[in-house]
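Just so you know, ligand 1 is whichever comes first in the structure, and atom 1 is the first atom listed for that ligand. Just the heavy atoms: all of them, side chains too, but no hydrogens, waters or symmetry mates, feed the values below.
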Amino acid sequence: MATTGINVSQEQVEANKCKENIPEPCIVVIFGASGDLTKRKLLPALYHLEQSNLLPTDFAVVGVARRDLSATFAHDMHDGILAGGGVDKDEAKLDKFMERVQYFATEFDNDEGFEKLKAFLADLDKKFGTKGNRLFYLAVAPEFFADITQRLGKHGMTGEEGGGWVRVIIEKPFGTDLESAKKLNSEVNSVLHEDQIFRIDHYLGKETVQNILVFRFGNGIFEPIWNRNYIDSVQITAAESIGIEGRGPFYEAAGALRDVLQNHVMEVLSFVAMEPPDSFEADAVRFEKLKVWKAIEPIRVEDTARGQYGPGRVGDRPVVGYREEERVSKESQTETYAAMKLEIENWRWAGVPFYIRAAKRLEKRVTEVVITFRQPPLHLFKGSSNKGMESNVLTLRIQPDDGISLKFGAKLPGPTTNVAQVEMNFSYADAFGKSSANGYERLLLDAMLGDGTLFAEREGVETTWALMTPILEAWKAQKVDFPNYEAGSWGPKEADELLARDGRAWKV
Ligand SMILES: NC(=O)C1=CN([C@@H]2O[C@H](COP(=O)(O)OP(=O)(O)OC[C@H]3O[C@@H](n4cnc5c(N)ncnc54)[C@H](OP(=O)(O)O)[C@@H]3O)[C@@H](O)[C@H]2O)C=CC1
Ligand SMILES: O=C1O[C@H](COP(=O)(O)O)[C@@H](O)[C@H](O)[C@H]1O
């Protein structure tokens with residue numbers, strides 16, 4: 001069935017990208033400025049905000065890292081922004097933006113460096129009119145999160161001393177299990193108030209993830225049926241076709257559960273399952289998310305499956321197995337595929353299984369939520385071909401082909417009551433044009449505005465870790481015969497069996 005066109009002009013779409021408020025003057029200070037995240041995501045996102053006129057006029061960016069890159073940093077970032085695509089290649093505007101991008105070299109454990117950084121920022125306040133307001137972004141390995149935060153405290157850079165607001169964005173992973181997450185929370189909370197801490201999960205910056213709430217609560221035909229009376233099961237898949245992209249040491253310690261399932265997938269799940277919040281204010285949304293996670297029954301290890309990819313082909317390209325990737329152990333027990341069944345024991349969801357999975361090197365990149373509805377009585381169709389009599393399936397496609405589709409049965413033309421499955425499809429690109437937003441734009445903007453709605457908070461992070469930690473421990477205690485799936489396939493047979501036991505199958 002054809003995509004439904006909606007009469008929205010490109011001008012309306014563009015006009016909607018303006019926020020009511022432009023942030024106050026400020027400096028965005030990025031620790032880890034020479035890293036991959038800064039170059040590929042953060043600087044392009046900031047520049048895109050500039051292009052959309054969403055940054056304050058009095059504004060600067062300071063990159064901080066260990067090596068002295070003062071001479072080349074702006075040039076490298078300029079090229080990175082151009083190479084990244086998705087931004088209007090307006091060289092003059094970009095040059096002007098880059099004039100406000102500065103670099104400062106220090107080791108993260110160097111007190112003298114922090115003292116100098118403080119003075120450097122104060123000088124920039126005078127030059128750019130940024131009024132002492134700071135958004136620190138910790139785009140660094142997790143072992144530095146607490147250290148950097150505490151050094152900011154030690155050197156009087158957390159806003160306690162007055163002079164402007166201070167906020168700190170902390171990258172993921174926020175901890176590696178419950179204990180480490182609690183420790184990290186105590187460490188950062190010892191120098192920062194909770195409303196200064198912005199724990200980022202870039203999935204919450206994705207339009208299609210935010211749209212889950214609009215779709216559920218803003219549509220009279222879907223809102224009433226979003227519960228156990230109508231829904232049979234829910235699947236959330238975050239599949240990637242890429243491997244670990246040179247991040248061997250990081251991934252060896254992380255694995256698919258820590259890297260994606262505990263954070264991105266659990267955030268998406270909370271949007272799918274939460275009760276309507278009182279408003280879209282941070283406290284109201286976070287409260288409802290927390291209630292969902294708290295209602296999840298302890299996960300049984302029998303309700304999980306894990307895998308690791310061996311050599312295979314992705315598309316028409318041969319690829320190596322995980323154990324042959326650079327800086328990965330030949331006996332690695334790290335999972336590159338994690339799946340589990342969750343049960344949310346509350347009034348809305350009792351009895352509805354949620355199957356979730358995240359993995360690398362699958363056949364294709366696809367992140368989506370699949371809602372399967374209960375079937376009506378089918379006795380009327382006894383004499384008909386049953387092929388089309390499948391459950392209605394609603395798919396919320398988060399990426400790459402953002403949109404929503406609904407499968408239902410329709411009468412096959414002819415003198416029978418035979419039924420065929422058809423699909424109605426809404427595509428973001430068709431309705432609104434292609435978006436270049438990568439999630440980080442919205443989140444950087446919100447942090448500058450002090451809006452924490454789309455960020456994780458302390459108790460939420462600890463609650464998801466509390467659910468996942470027993471599984472990590474059980475997995476660690478039991479060795480597996482890896483690899484158990486071929487790169488470019490749809491994962492290990494154990495994950496298929498997890499659903500087959502319940503008479504179901506993965507729908508992607
Ligand atoms: N890359 C990505 O796509 C994503 C990354 N993240 C998270 O973002 C964070 C950063 O990731 P990524 O950019 O990939 O990391 P990189 O390893 O690419 O960059 C690390 C940065 O930290 C700096 N650094 C390391 N040690 C020190 C030190 N002792 N003193 C001063 N600077 C130091 C490095 O500086 P130098 O070059 O001078 O050594 C570099 O700028 C991580 O927490 C990661 O989990 C989250 C989602 C996606
Ligand atoms: O946080 C992470 O996310 C990416 C996937 O992000 P996406 O926006 O491309 O879906 C993942 O590749 C990476 O391993 C993980 O650290």
Donor-acceptor pairs are to be reported for all side-chain atoms of residues 173-182 against protein atoms at under 3.5 Å, with residues two or more places apart or in another chain.
unit_1 : atom_1 : unit_2 : atom_2 : d
T176   : OG1    : S180   : OG     : 3.1
D177   : OD1    : E179   : N      : 3.4
D177   : OD1    : S180   : N      : 2.9
D177   : OD1    : S180   : OG     : 2.7
S180   : OG     : T176   : N      : 2.7
S180   : OG     : D177   : N      : 3.0
S180   : OG     : D177   : O      : 3.1

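No side-chain N or O of R361 forms a donor-acceptor pair with one of Y322 less than 3.5 Å apart. E368 and T237 form no side-chain donor-acceptor contact under 3.5 Å, judged by distance and modelled atom types alone.
The side chain to side chain contact (heavy atoms under 4.5 Å, CB included) test with L54 singles out one residue from L445, L444, L46, and that residue is L445. Under the side chain to side chain contact (heavy atoms under 4.5 Å, CB included) test applied with H264, the options L204, V209, D201 reduce to a single match, D201.
At a 4.0 Å heavy-atom cut-off, the residues surrounding ligand 2 are K172, H202, Y203, K206, E240, R247, D259, H264, K360, R365, Q399, listed by chain and number.
For residues 479-491, the set of pairs meeting the salt bridge (charged side-chain N to carboxylate O under 4.0 Å, His left out) definition, not counting sequence neighbours, is empty.
F426 has its ring centre less than 6.0 Å from the ring centre of Y428. Between F114 and F31, the distance from one ring center to the other falls under 6.0 angstrom.
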What verdict does the ring-ring contact (aromatic ring centres under 6.0 Å, His included) test give for Y485 and Y337, after you've listed the backbone C-alpha separation in whole Å, the side-chain angles of each residue and the deciding distance to 0.1 Å? CA-CA 9 Å; Y485 71 97; Y337 185 114; 5.7 Å; yes
Does ligand 1 have any N/O pairs with the protein under 3.5 Å, and how far apart?
unit_1   : atom_1 : unit_2 : atom_2 : d
ligand 1 : 1 (N)  : D36    : OD2    : 2.7
ligand 1 : 3 (O)  : R40    : NH2    : 2.8
ligand 1 : 13 (O) : D36    : N      : 3.1
ligand 1 : 13 (O) : L37    : N      : 2.8
ligand 1 : 18 (O) : D36    : N      : 2.9
ligand 1 : 26 (N) : R66    : NH2    : 3.3
ligand 1 : 29 (N) : E107   : OE1    : 3.1
ligand 1 : 30 (N) : F108   : N      : 3.0
ligand 1 : 32 (N) : R66    : N      : 3.3
ligand 1 : 35 (O) : S34    : OG     : 3.1
ligand 1 : 37 (O) : S34    : OG     : 2.5
ligand 1 : 37 (O) : R67    : NE     : 3.1
ligand 1 : 37 (O) : R67    : NH2    : 2.5
ligand 1 : 38 (O) : R66    : N      : 3.2
ligand 1 : 38 (O) : R67    : N      : 2.9
ligand 1 : 38 (O) : R67    : NE     : 3.3
ligand 1 : 39 (O) : R66    : NE     : 3.1
ligand 1 : 39 (O) : R66    : NH2    : 2.8
ligand 1 : 41 (O) : G32    : O      : 3.4
ligand 1 : 41 (O) : S34    : N      : 3.1
ligand 1 : 41 (O) : S34    : OG     : 2.6
ligand 1 : 41 (O) : G35    : N      : 3.2
ligand 1 : 43 (O) : V140   : O      : 2.7
ligand 1 : 43 (O) : K172   : O      : 3.1
ligand 1 : 45 (O) : K172   : O      : 2.9

